[in-house]
2 protein chains.
Amino acid sequence: MQDTPTQVLNRLKRDLPAGSTHAQPGAGLLFLREEELRVAQDMMFFAMRDITAAPLAILSEFGLGRAHHRTLHWIGRKPGLTVGELLAFLGITKQSLTRVLGPLIRDGYVAQTAGAQDRRQRLLTLTEKGQALERRLFDCQRDRFLAAYREAGGPAVEGFRRVLRGLTLKQGRDYIDSLDAHRSRGAR
Amino acid sequence: MQDTPTQVLNRLKRDLPAGSTHAQPGAGLLFLREEELRVAQDMMFFAMRDITAAPLAILSEFGLGRAHHRTLHWIGRKPGLTVGELLAFLGITKQSLTRVLGPLIRDGYVAQTAGAQDRRQRLLTLTEKGQALERRLFDCQRDRFLAAYREAGGPAVEGFRRVLRGLTLKQGRDYIDSLDAHRSRGAR
DNA sequence: CTATTATGACAGTATAGCTTACTTATCTAC
DNA sequence: GTAGATAAGTAAGCTATACTGTCATAATAG
């Protein structure tokens with residue numbers, strides 16, 4: 001099989017990051033900028049892959065998976081949230097959630113109570129057992145985040161947050177901003 | 001069904017972020033730190049969810065999914081990489097990759113050529129068609145990252161990168177550092 | 001009373017991962 | 001040159017996590 005010119009060129013570029021392959025003088029700035037953005041994607045991929053690995057291993061001991069982790073996380077973050085709110089956070093369908101929430105309720109990690117004003121709603125909370133599991137999962141990640149934060153330093157952390165906020169759409173931003181507002185009012 | 005005290009307490013905390021619920025004077029610092037780390041997880045989740053949404057929509061037009069996106073991304077990033085290297089980046093098994101790579105090769109997005117020194121290896125490259133698709137996917141995300149970077153500013157971007165690097169394990173760090181080394185040697 | 005809403009349930013499909021095991025081609029070392 | 005190691009491909013079968021569509025129930029809102 002004869003190689004196409006593209007394939008030959010690509011072979012030569014092997015192990016060289018894309019930003020270093022340009023030779024034209026004028027293309028430099030544009031090229032670097034694109035490379036920079038590609039690196040950002042690389043890093044997001046790596047960080048996400050490595051952050052979720054440890055909790056996943058724990059969850060598999062209990063016959064649970066990633067979906068259950070996300071669910072436990074959000075119920076822990078906003079105790080008493082409704083099924084509808086949880087769906088909005090997770091960005092999945094009700095039918096998908098049912099099969100994740102079902103086992104969590106059946107095995108006693110999550111409890112449901114009817115809403116006070118609107119009794120159609122099912123307010124979700126973690127049971128003692130659920131809190132214990134969620135804490136165990138969080139502790140894995142806390143160590144990793146704490147190390148990364150300490151290593152990077154305070155201003156870097158602030159930058160990290162600013163960029164992440166910029167990457168998220170309105171719904172998530174509103175949530176983030178509501179946390180910030182609370183903190184600047186409450187703490188200090 | 002009678003509510004447990006925990007459920008009642010949780011209901012009251014509804015919509016209040018965890019950091020604002022502490023009343024004891026001494027617990028403040030520790031509590032804020034934990035809240036801060038939980039917010040980081042929230043934000044990583046949101047950013048990842050929102051970043052991947054647009055490319056996914058495009059891919060589904062072609063009968064492809066997330067896994068194909070990641071595969072195209074890495075082949076594009078390191079043209080001529082071997083199957084083994086790709087597996088290491090993706091962190092999945094060979095058998096899982098086969099079912100992702102198969103359609104990409106069959107439909108003419110990815111080409112294979114035997115390795116020059118080691119002819120057992122199959123070096124992977126994007127075809128013209130594959131490059132076009134990858135670029136289309138990247139362009140979605142470029143806009144988002146560019147906006148986030150511009151909004152956050154240069155120092156924030158640097159901090160973003162430092163924290164992300166801290167969150168990743170050795171393999172990913174080595175890769176990231178190799179890019180940085182290249183850039184600081186090559187550019188400027 | 002009727003329409004809407006919140007939730008739950010059933011059935012089927014697709015994607016993306018996994019394990020285990022076998023084959024083929026090629027390289028390396030003796 | 002043969003033997004064993006290695007890179008890749010292949011096959012059968014399993015699991016988890018999403019999706020779609022449809023229907024049921026109960027409570028709220030008008």
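The structure displayed is predicted, hence computed values, not measured ones. Order of the sequence lines fixes the chain letters, A, B, ..., with proteins taken first and strands second; residue numbering starts at 1 for each chain.
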message: Does this structure show an ion pair linking B:R162 with B:E158, if we count only N-O contacts that are shorter than 4.0 Å?
response: no

query: Could you give the NE2-to-P distance, from B:H69 to C:dG17, as a whole number of Å?
result: 13 Å

- request: Find the distance B:L90:CG to C:dG17:P and express it as a whole number of Å.
  value: 8 Å

- prompt: So does A:E36 pair up with A:R33, basic N to acidic O under 4.0 Å?
  reply: no

Nucleotide N/O of nucleotides 28-30 of chain C paired with protein N/O under 3.5 Å:
none

statement: From CG of A:L124 across to P of C:dA6 the rounded distance in Å is 14 Å

query: In whole Å, what is the span from the CD atom of B:E85 to the P atom of D:dA7?
result: 10 Å

- line: Between CG of A:L97 and P of C:dA6 the distance, given in whole Å, is 15 Å

field: Closest non-hydrogen atom pair, B:I58 against B:C140
entry: CD1-SG, 3.4 Å

- line: Heavy-atom nearest pair, A:G172 first then A:T168, reads C-OG1, 4.1 Å

- prompt: Which pairs pass salt bridge (Lys or Arg N to Asp or Glu O under 4.0 Å) with one or both residues in residues 54-67 of chain A, sequence neighbours excluded?
  reply: A:E61-A:R136

- request: From the options C:dT26, D:dA27, C:dG17, select the nucleotide whose nearest atom is closest to the side chain of A:R119.
  value: D:dA27

message: Less than 4.0 angstrom between a side-chain N/O of A:H68 and OP1 or OP2 of D:dA16, yes or no?
response: no

task: Using whole Å, report how far CD1 of A:I92 lies from C1' of C:dA14.
output: 16 Å

message: Using 0.5 Å steps for rounding, measure from the CE atom of A:M43 to the CZ atom of B:R173.
response: 9.5 Å

field: Nearest-Å distance for atom pair CG/P, residues A:L86 and C:dT7
entry: 10 Å

message: Against A:Q41, only a single residue in B:R70, B:R142, B:Q141, B:R77 fulfils side-chain hydrogen bond (donor to acceptor under 3.5 Å, both in side chains); can you say which?
response: B:Q141

message: Tell me the interatomic distance from B:R66, atom CZ, to C:dA14, atom P, rounded to whole angstroms.
response: 17 Å

- prompt: Does the pair A:D42/A:R38 count as a salt bridge with the N-to-O cut at 4.0 Å?
  reply: no

- request: Could you note down all residue pairs passing ring pair (Phe, Tyr, Trp, His ring centres under 6.0 Å) where residues 69-120 of chain A supplies at least one of them, sequence neighbours left out?
  value: A:W74-A:F89, A:W74-A:Y175, A:W74-B:F45, A:W74-B:F46, A:F89-A:Y175

- prompt: Is the CZ atom of A:R119 crowded by more than 12 outside heavy atoms at less than 6.0 Å?
  reply: no

If you restrict it to nitrogen or oxygen atoms, what contacts under 3.5 Å exist between nucleotides 8-11 of chain C and the protein, and what is each distance?
residue : atom : partner : partner atom : Å
C:dG8   : OP1  : A:Q112  : NE2          : 2.5
C:dG8   : N7   : A:K94   : NZ           : 3.2
C:dG8   : O6   : A:K94   : NZ           : 3.2
C:dA9   : N6   : A:Q95   : NE2          : 3.3

query: Hey, is the side chain of A:S96 poking within less than 4.0 Å of OP1 or OP2 on D:dT17, counting only N and O atoms?
result: no

message: Checking contacts here: which listed nucleotide (C:dC18, C:dT7, D:dA18) is nearest the side-chain heavy atoms of B:T93?
response: C:dC18

message: So does A:L126 get a backbone contact from the side chain of A:E134, meaning a donor-acceptor N/O pair under 3.5 Å?
response: no

task: For DNA chain D, find the residues of residues 56-64 of chain B with a heavy-atom distance under 4.0 Å and give them by number; none if there aren't any.
output: none

message: I'd like to check the side-chain hydrogen bond (donor to acceptor under 3.5 Å, both in side chains) partners of A:R165; sequence neighbours left out, ordered by chain and number.
response: A:D177

